[in-house]
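Since we're looking at a predicted model, the values are computed, not measured. Order of the sequence lines fixes the chain letters, A, B, ..., with proteins taken first and strands second; residue numbering starts at 1 for each chain.
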Amino acid sequence: MADLSLKGVEKAYGTLKILHGVDLEIKSGEFIVFVGPSGCGKSTLLRSIAGLEEITGGTLSIAGEVVNDVPPSKRGIAMVFQSYALYPHMTVYDNMAFGMKIAKEPKAEIDRRVKNAAEILQLTKYLDRLPKAMSGGQRQRVAIGRAIVRNPKVFLFDEPLSNLDAALRVATRIEIAKLKESMPNATMIYVTHDQVEAMTLADRIVVLKEGRIEQVGSPMELYKHPGNLFVAQFIGSPAMNILPATIEQPGASTVITHLGGRKATLPIATEPGTKGQAISFGVRPEDLTVATGDDYLFEGPIDYIEQLGEVQLVYLDIGRADAPLTAKLPGNAPIKRGQVLKLAADPGDLHIFDASGRSFARPKMAAAA
Amino acid sequence: MAQASGTAAGKSFFGRFGVHIAVLFFVTLWTIPTLGILVTSLRDKDQIIASGWWSAFFSSSQTENARLPAPNTAVSKDGRFVLEGNLFAEPGEKRITAFGTRAVAPTEYEAGAVADLGDGETLQINEDGSFVAGYPEAQTSERGRRVYFAATVPPRFTTENYQTVLFSEGIGRSFLNSLTVTIPATVIPIMIAAFAAYALAWMRFPGRAILIATVIGLLVVPLQMTLIPLLELYNGVGNLFGVPSKTYLGIWLAHTGFGLPFAIYLLRSYMAGLPRELMESARIDGASDFEIFIKIVLPLSFPVLASFAIFQFLWVWNDLLVAMVFLGSGSDQLVLTGKLNALLGSRGGDWEILTTSAFITIIVPLIVFFSLQRYFVRGLLAGSVKGG
């Protein structure tokens, strides 16, 4: 329904800068997820879009209209809070109808929209209840219903699942995904620190760190082609293994030397002048497989095994005492602690990053984005 | 008490037992005087003098006296002159255990015994009060003999005392005066403080911190220090409008002023503890500050409003000083505390009047406290315990 455009958005509390010029274009109907570690400014960014925080620089426009100084209620947004923020003294019905009652909409219209939202969220039989008589998941549905009733251009979700227990979180996550499907025109912006939520829900993920956007892209882009070390380690669990390495042979495909002098060839182009440069070499635990022949990347005794059933996390001692190599192997792989294991990976799944942490695969990334 | 049982929850049986014993002890200690006043106020005034209130539920023995009819009305019977009758208007209303004819020995003879009073004169007084006095010859004296007797009186409870104090001692009028002072003096500060507290808790404006600091500072200003300046100010303004110096309006304003700092402080800290997301959510829903206050903050602040109402009500109801300064001492303005004080002087020995008046004075605070006490505890904990 509405494009959202952020140009150089800044937010500072006195001298403390939280957002350092955020540029982002969000298309109508997109599901955007902001992720990042605690304190990265993702909630502040969301609250700035909502109008709960005034931005101190840049412009913010919704549907082509600059809304820097427009109060929250006039921006055409609805927000779902982590703590639900339901009005405890009002019934579910009144909670959902509150905004429309304030706007003095006709009673019949209020009734129609509340009933409709309740229908979508299967809350119809709870309309007369008070929030305290409902479970966490139901409360969060009421909060979402309150947003739907407002019929906003943009839905804002501020860590809506953080207060739910694990099972309910999965169920509600799926409900939100279905809700988005049923409202293809609604633009949704969702803040979370949970990368599973980000991966499963997002059309595009915005990774934030210290008030700056690190990378924007679809979940698989971010996973397959992380633009820098931070994104590489933030997306994916367990985190990507990062090892020091040097470029042996730059060119259309690059040969590198990493720990223990072993070489690897990657189908990533590097500049001729980069020969001998110290770089970071990354490989995801789940991309590693047990090798039998001589064609392997790593070799070392197994330091520890975490058996998770379907998979086991294997910590390989490859000579770096403080940082063992993590590998995710099938749960039934016949391995024992102390056994010396050889691991290999498909060259296409290897990542290299320059000294400043940026991916050498960047040009390809830029084309994809 | 809530806290006591809370800390005891993790302790051993004996720990809990000790706490319960202690609670019981203090509850008893606090309740007994009130009970005493209540019981005394319901007793007959003669019984109050004869025995303590704790014996009110049992028969009490008291020594009384009565005068027999004039001896010259004795009638001739079996060669003697005899007087017969009953000491009581209603035979048997008290049970006589012993009697006598001299003040120094009021219980010389057992009830029913025939006492020989010398010169052939006899007297017999029975348990139910009937008596037979016998004389050997006709008497000329017109003065009846005084007799003393010990009587057991069954407990007697009466509401006479209440009728007396309410309608003839002026307590009823003072009760109404006290209500006239207290109700507006409770409602007005709550209304003002609620608005102020919301603004100080949730609205951003320059000077807010200083304003809060000032309110906190006003909490510690001694009331006595402000009485004279306030009265001067009030009289000055009153003269301007031709209002007399001692009016109900004056005392309402005075109590409002004295109550406001605490009210604002208490309400503000409670409102500031409400979740911020609620206000933000309402703001996104399009509510103005006034609507947020009326529709969300006010209903959610009911416990603390009730708690402050109790504080203010009790304080104003029990106040004597402010009432003496800002109200006159005529019957149309004298409040209960003032009236009690006056009664202590004029009816100092009349326990039935004093206890009854006292009980009428405390009954309203008791009702207020017990009907709102759960908010009282909650309000005291406001801000200190989340979700209290």
Would you mind checking which part of A:Arg146 comes under 4.5 Å of any heavy atom in chain B, side chain (CB onward), backbone (N, CA, C, O), both or neither?
side chain
Check A:Ala85 against B:Ser281 and note the closest heavy-atom contact, atom names and distance.
O-OG, 3.9 Å
Any side-chain heavy atom of A:Ile102 within less than 4.5 Å of one from B:Lys295?
yes
Would you give the length of the straight line joining atom CE of A:Met100 to atom CG of B:Asp285, rounded to the nearest 0.5 angstrom?
11.0 Å
With respect to chain B, which residue among A:Ala103, A:Ser73, A:Ala78 yields the maximal number of heavy-atom pairs within a distance under 4.5 Å?
A:Ser73
Let me know if A:Ile77 has heavy atoms under 4.5 Å from chain B in its side chain, its backbone, both or neither.
both
Side chain, backbone, both or neither of B:Glu291 within contact of chain A (heavy atoms, under 4.5 Å)
side chain
Polar side-chain atom of A:His89 near backbone of B:Val297 as donor-acceptor pair, under 3.5 Å:
no
Return yes when atom OH of A:Tyr93 has more than 12 non-hydrogen atoms of other residues, nucleotides or ligands closer than 6.0 Å, and no otherwise.
yes
Is there a side-chain contact between A:Pro88 and B:Leu300 in this structure, where contact means two heavy atoms from C-beta onward sitting under 4.5 Å apart?
yes
Taking everything shown except B:Phe370 itself, do over 12 heavy atoms lie less than 6.0 Å from its CZ?
no
A:Glu119, CD: over 12 other non-hydrogen atoms inside 6.0 angstrom:
no
Look only at the side chain of A:Tyr87 and the backbone of B:Ala282, and say whether a donor-acceptor pair between them is shorter than 3.5 Å.
yes
Side chains of B:Glu280 and A:Pro72: closer than 4.5 Å at any heavy-atom pair?
no
Should the heavy atoms of other residues, nucleotides or ligands under 6.0 Å from CZ of B:Phe14 be counted, would the total exceed 12?
no
Around A:Glu109, counting heavy atoms of other residues, nucleotides and ligands shown, do more than 12 lie under 6.0 Å from its CD?
yes
Rounding to 0.5 Å, atoms CD (B:Glu277) and CD (A:Gln82) come to a distance of 8.0 Å
Euclidean distance, B:Met279 CE relative to A:Leu52 CG, rounded to 0.5 Å
13.0 Å
Does CD in A:Glu210 sit with more than 12 non-hydrogen atoms of other residues, nucleotides or ligands closer than 6.0 Å?
no
Counting neighbours of CD1 on B:Ile210 that are heavy atoms of other residues, nucleotides or ligands and sit closer than 6.0 Å, is the number greater than 12?
no
Between the side chain of A:Arg150 and the main-chain N/O of B:Ile284, is any donor-acceptor distance below 3.5 Å?
yes
Contacting region of A:Ala147 [heavy-atom separation from chain B under 4.5 Å]
neither
Heavy-atom check, side chain of B:Leu278 versus side chain of A:Phe81, under 4.5 Å:
no
